[in-house]
Enquirer: 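Pasting in a structure now, in C-alpha cells, and then I'll have a few things to ask.
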2 protein chains.
Amino acid sequence: MPKSITRTYSRYSREAVALFAGLIRTARKERKLTTQEVADRAGISRGLLQRIEKGDMKCEIGVVFEVATIVGLKLFDADDSTLTRHIRQTEDKLSLLPKSVRKTTKAVDDEF
Amino acid sequence: MPKSITRTYSRYSREAVALFAGLIRTARKERKLTTQEVADRAGISRGLLQRIEKGDMKCEIGVVFEVATIVGLKLFDADDSTLTRHIRQTEDKLSLLPKSVRKTTKAVDDEF
DNA sequence: CTTTTATGGTTTATATATAGGTCAATTATA
DNA sequence: TATAATTGACCTATATATAAACCATAAAAG
C-alpha cells in the first residue's frame with residue numbers, strides 16, 4: 001500500500017472475521033489437527049495460520065477460505081455442486097441488472 | 001511472500017470466494033451504488049474493489065468483509081448482536097477443547 | 001444523435017504481508 | 001515426575017498487494 005493508509009473497519013466486519021477465525025480454530029481442534037499440519041496442507045506458514053486463527057483482518061481471503069475448507073468448515077453451508085449452482089444463479093441475477101449504476105437523478109438516492 | 005510461493009486452492013475455496021464476490025457485486029448494484037462510491041466508503045481504491053468483485057483470492061479478508069458489509073451483505077445471516085453471541089459461544093466451546101492437539105498415539109488418526 | 005459518466009483495463013512506486021526461521025512457554029503423554 | 005510435542009511470540013528479507021494515475025470502452029441520460 002502506498003501512502004500508508006490506516007484502514008478502518010466496521011464493528012460488524014471485525015466481528016464477522018473474528019467469528020470466522022474462532023470457527024476455524026474450533027473446527028481444527030475438533031478434528032485434532034495441529035497448526036503445523038493445517039499450515040502444511042494449506043501451503044502456508046504456521047505463523048500465518050496463527051494470524052488467521054486470531055482474526056487478523058489483513059490475511060488473504062483465499063488463504064483464509066482454504067484453511068476453513070481444510071478444517072472442514074463449510075462457508076455457505078453448501079456442498080460443491082450447490083455452490084456452483086449458486087454461482088450460476090448469481091450470474092443470472094447479475095445479467096439482469098443494469099451494467100452501470102447512474103447517479104445523476106439528484107434525489108432517488110435511497111437514503112436507507 | 002518471500003520465496004515466490006505459488007498458491008493452490010481447492011475448488012471449493014475458489015468457488016466460495018467467487019460466489020461471495022458475485023453476491024457483493026449483485027448487492028452493490030441492487031443498492032445502486034457505483035464502484036467509486038463503495039470504494040470511497042470502504043477507504044480503498046476503485047481498482048481494489050474491482051478485484052474484490054472479480055473474486056481475487058489475494059485481497060485482504062478484512063477489506064472484502066468490509067465491502068460486503070457496506071453493500072448490505074450479511075456474512076452469517078446474522079445481525080450485530082447475534083454475531084457477538086456467536087463469538088461468545090465459540091469462545092466457550094474453544095475453552096472446553098484441549099489447548100494443544102497431540103499426535104503421538106500412532107493410530108486414532110481419523111482418516112476421514 | 002451528443003454528452004456525460006461508469007466501468008474495466010493497464011502501469012508504476014511503495015508499503016507491507018508473508019515464509020521461514022528461532023526461542024520460550026505451555027501442554028499432553030508415558 | 002520427565003519427556004516430547006504443540007503453541008505463541010518474535011524477527012528479517014523479499015515477493016507482492018495496494019493506491020494512484022492513466023486510457024479505452026460502454027452505457028446511460030439529455
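Lettering follows sequence order; numbering is per chain, from 1. Predicted model only: the values in this text are computed from it and were never measured.
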Enquirer: Side-chain N or O of B:Arg51 versus OP1/OP2 of D:dT18: is the shortest distance under 4.0 Å?
Expert: yes
Enquirer: Between A:Arg28 and D:dT7, is there a contact of a side-chain N or O with OP1 or OP2 at under 4.0 Å?
Expert: yes
Enquirer: On DNA chain D, check which nucleotide each of B:Cys59 and B:Val101 is closest to and give me the residue with the more 5' one.
Expert: B:Val101
Enquirer: Kindly say whether, by distance alone, the side chain of A:Arg46 makes a donor-acceptor pair under 3.5 Å with the base of D:dG8?
Expert: yes
Enquirer: Between the side chains of B:Ser10 and B:Ser13, does any donor sit under 3.5 Å from an acceptor?
Expert: yes
Enquirer: When the nearest nucleotide of DNA chain C is assigned to B:Lys54 and to A:Val63 on a heavy-atom basis, which residue is associated with the more 5' position?
Expert: B:Lys54
Enquirer: Does one hydrophobic cluster hold both B:Val67 and B:Leu33, with members joined at side-chain heavy-atom distances below 4.5 Å?
Expert: yes
Enquirer: A:Ile24 has an atom CD1; how far is it from atom C1' of D:dT7, in whole Å?
Expert: 17 Å
Enquirer: So, are A:Glu66 and A:Arg41 salt-bridged, with charged N and O less than 4.0 Å apart?
Expert: no
Enquirer: Answer yes or no: is there an ion pair linking B:Arg28 with B:Glu37, defined by an N-O contact shorter than 4.0 Å?
Expert: no
Enquirer: Report the residue (A:Gly47 or A:Gln36) whose heavy-atom-nearest nucleotide on DNA chain D is the more 5′ of the two.
Expert: A:Gln36
Enquirer: Does a side-chain N or O from A:Thr35 land closer than 4.0 Å to OP1 or OP2 of D:dT7, or not?
Expert: yes
Enquirer: Tell me whether the centres of the aromatic rings in B:Tyr12 and A:Phe76 are closer together than 6.0 Å.
Expert: no
Enquirer: In whole angstrom, give the distance that lies between atom CZ of A:Arg25 and atom C1' of D:dT6.
Expert: 11 Å
Enquirer: With DNA chain C as reference, determine whether B:Thr34 or A:Leu48 sits nearer its 5' end, using the nearest nucleotide of each.
Expert: B:Thr34
Enquirer: In this structure, how many angstroms lie between the P atom of C:dG21 and the CG atom of A:Leu49, rounded?
Expert: 17 Å
Enquirer: Does D:dA17 have OP1 or OP2 under 4.0 Å away from a side-chain N or O of B:Lys58?
Expert: yes
Enquirer: Is any side-chain N or O of A:Arg7 closer than 4.0 Å to OP1 or OP2 of D:dA19?
Expert: yes
Enquirer: Send over the distance from A:Leu97 CG to C:dT7 C1', rounded to a whole Å.
Expert: 15 Å
Enquirer: Among the candidates D:dG8, D:dA27, D:dT18, find the nucleotide nearest to the side-chain atoms of A:Lys99.
Expert: D:dA27
Enquirer: Rounded off to whole Å, could you give me the CD-to-C1' distance for the B:Glu53 and C:dA6 pair?
Expert: 12 Å
Enquirer: Distance check needed: C:dT7 P versus B:Asp40 CG, whole Å only.
Expert: 12 Å
Enquirer: Describe the nucleic acid contact of B:Ser45 in one word from base, sugar-phosphate, nothing, applying a heavy-atom distance below 4.0 Å.
Expert: base
Enquirer: What integer distance in Å separates B:Ile52:CD1 from C:dG8:P?
Expert: 13 Å
Enquirer: Using a strict threshold of under 4.0 Å (side-chain N to carboxylate O), is an ion pair present between A:Arg11 and B:Asp80?
Expert: yes
Enquirer: In whole angstrom, what separates B:Glu60's CD from D:dA19's P?
Expert: 8 Å
Enquirer: Hey, is the side chain of B:Arg102 pairing donor to acceptor with the base of C:dT27 inside 3.5 Å?
Expert: yes
